[in-house]
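Written below as structure tokens is the structure these notes are about.
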Amino acid sequence: MNPIRILAIAAAVAGAALGAAGQDQPGGKKVRVGFAQIGAESDWRKANTESIKSEAAARGVDLKFSDAQQKQENQIKAIRAFVAQGVDVIAFSPVVETGWEPVLKECKRAGIPVILTDRAVDTQDPSLYVTFIGADFVEEGRRAANWVVKAVGSSANIAELQGTPGSAPAIDRKKGFEEVIKAHPGLKITKSQSGEFTRAKGKEVMESFLKSPEGKQINVLFAHNDDMALGAIQAIEEAGLKPGVDIKIVSIDAVRAAFEAMIAGKLNCTVECNPLLGPQLFDAVEAVMAKKELPRRIVTKESVFEQSGAAATIKDRKY
Ligand code: AHR
């Protein structure tokens with residue numbers, strides 16, 4: 001083919017990509033994306049926010065970002081404000097699973113596509129969102145339980161720190177964990193309560209577990225995220241016990257602070273949940289703007305990290 005024609009095709013392809021990215025929309029307008037974030041409850045969430053903001057900036061997207069401070073009503077208000085502003089795409093990470101249909105129908109009536117990231121919504125109507133990008137939380141729960149079976153054996157008194165009540169990760173991680181341990185009748189969850197995905201609440205709830213009549217028998221802790229495990233570690237130390245030794249601990253996320261705790265011997269295992277969803281989110285936004293088909297579900301790839309490999313791996317952690 002004539003080299004000039006090749007260059008012309010390449011320029012056209014690049015131009016189309018730029019248009020989709022928002023730097024060169026018809027009329028020179030940027031793509032406007034409204035993102036309704038849950039809050040800043042954990043190191044995971046802070047890394048997730050940073051990934052979304054930096055990827056939007058790198059692609060020249062006009063990002064309207066809102067922080068709901070853990071309240072569903074604030075997320076709904078933010079989504080309504082995005083509809084009123086007429087953004088091109090709305091994305092959000094739903095704090096809880098239920099109660100979204102009315103506002104999602106408003107987005108649909110306004111013709112604004114919705115992308116879910118990180119957490120799912122409970123709806124029977126598949127037309128209310130385009131795609132859901134995020135981890136498989138049930139599988140994360142299974143991975144945590146498989147680690148318990150491997151490391152502790154088939155008999156243990158397990159304390160569980162659950163995430164935000166009604167949230168997809170709290171529901172699904174519990175489900176996956178219980179699915180695996182039910183094959184081992186000696187593995188018993190003797191205490192289980194929400195620590196709201198925060199360090200402060202994780203510490204407070206672990207203190208109450210340890211003071212309870214079953215407290216002395218606890219020898220495993222399963223925390224639905226690293227932040228709660230890190231709070232619980234303080235409570236265990238203050239009770240005169242050795243976290244990671246007297247009580248084996250497995251949690252989820254694989255944030256840097258969890259690696260530091262593993263290197264210090266205080267946390268035994270962390271199951272990865274990748275918060276760096278910005279690139280996948282804006283790839284999906286570009287596809288939506290270009291009217292391309294997207295898979296209904298985009299699952300992120302994740303691993304499991306144990307104490308023994310933590311010192312060698314921490315340098316590669318990006319969050
Ligand atoms: O939805 C993902 C969960 O939310 C993370 O595991 C937790 O740390 C966060 O707050």
Side-chain angles (χ1 to χ4, degrees), residues 35-52 67-72 74-75 91-98 100 115-122 129 132-145 147 160-177 194-203 205-206 221-233 249-261 267 269-278 280-281 297-305 317-319:
F35 189 89
Q37 180 60 289
I38 293 173
E41 73 280 6
S42 61
D43 286 2
W44 188 101
R45 186 68 52 201
K46 291 171 201 154
N48 179 245
T49 291
E50 167 53 26
S51 171
I52 289 162
D67 175 336
Q69 305 194 342
Q70 311 301 313
K71 291 199 175 83
Q72 183 177 31
N74 290 347
Q75 280 196 300
F92 75 111
S93 179
V95 60
V96 291
E97 280 191 331
T98 56
W100 298 101
I115 297 174
L116 301 177
T117 70
D118 164 36
R119 300 186 184 179
V121 298
D122 190 359
Y129 65 93
F132 164 37
I133 305 165
D136 179 344
F137 295 139
V138 179
E139 181 56 25
E140 291 172 350
R142 288 191 199 110
R143 287 177 181 166
W147 179 82
E160 179 186 32
L161 284 170
Q162 298 183 38
T164 306
S167 69
I171 295 166
D172 292 352
R173 288 171 182 168
K174 183 171 186 53
K175 186 173 162 199
F177 191 85
S194 173
E196 310 273 357
F197 280 131
T198 69
R199 264 182 221 205
K201 197 79 183 156
K203 178 170 190 268
V205 176
M206 191 68 203
L221 170 66
F222 166 43
H224 288 195
N225 81 344
D226 289 340
D227 278 74
M228 291 188 294
L230 294 165
I233 284 170
I249 308 174
V250 57
S251 54
I252 297 179
D253 280 353
V255 297
R256 181 172 299 278
F259 280 75
E260 287 161 0
L267 177 73
C269 177
T270 182
V271 175
E272 190 179 30
C273 179
N274 185 3
L276 307 180
L277 301 177
Q280 282 168 298
L281 168 60
R297 178 77 171 99
I298 301 172
V299 184
T300 45
K301 289 204 182 71
E302 281 138 4
S303 318
V304 175
F305 299 97
R317 301 306 295 160
K318 294 199 173 62
Y319 60 94

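Residues: numbered from 1 along the sequence shown. Start at 1 and go down the list; that is how both ligands and their atoms are numbered.
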Result for side chain to side chain contact (heavy atoms under 4.5 Å, CB included) between Gln72 and one of Ile38, Val96, Thr98 points to Val96
Report task. Assess the pair Phe92 and Trp100: is the distance between their ring centroids shorter than 6.0 Å? Result -> yes
Expected contact list for ligand 1 at under 4.0 angstrom, heavy-atom basis, is Glu41, Ser42, Trp44, Arg45, Asp118, Arg119, Phe137, Pro169, Arg173, Phe197, Asn225, Asp253
Self-check item: Under-4.0 Å salt bridge between Glu139 and Lys175
Solution: no
Here the pair of heavy atoms bringing Arg317 nearest to Ala254 is NH2-O, 3.0 Å
(Q) Does the Lys NZ or Arg CZ of Arg142 fall within the cation-pi geometry relative to Phe137 - under 6.0 Å from the ring centre and within 45° of the axis? (A) no
Salt bridge (charged side-chain N to carboxylate O under 4.0 Å, His left out) filter on Glu41, not counting sequence neighbours, yields Arg45, Arg119
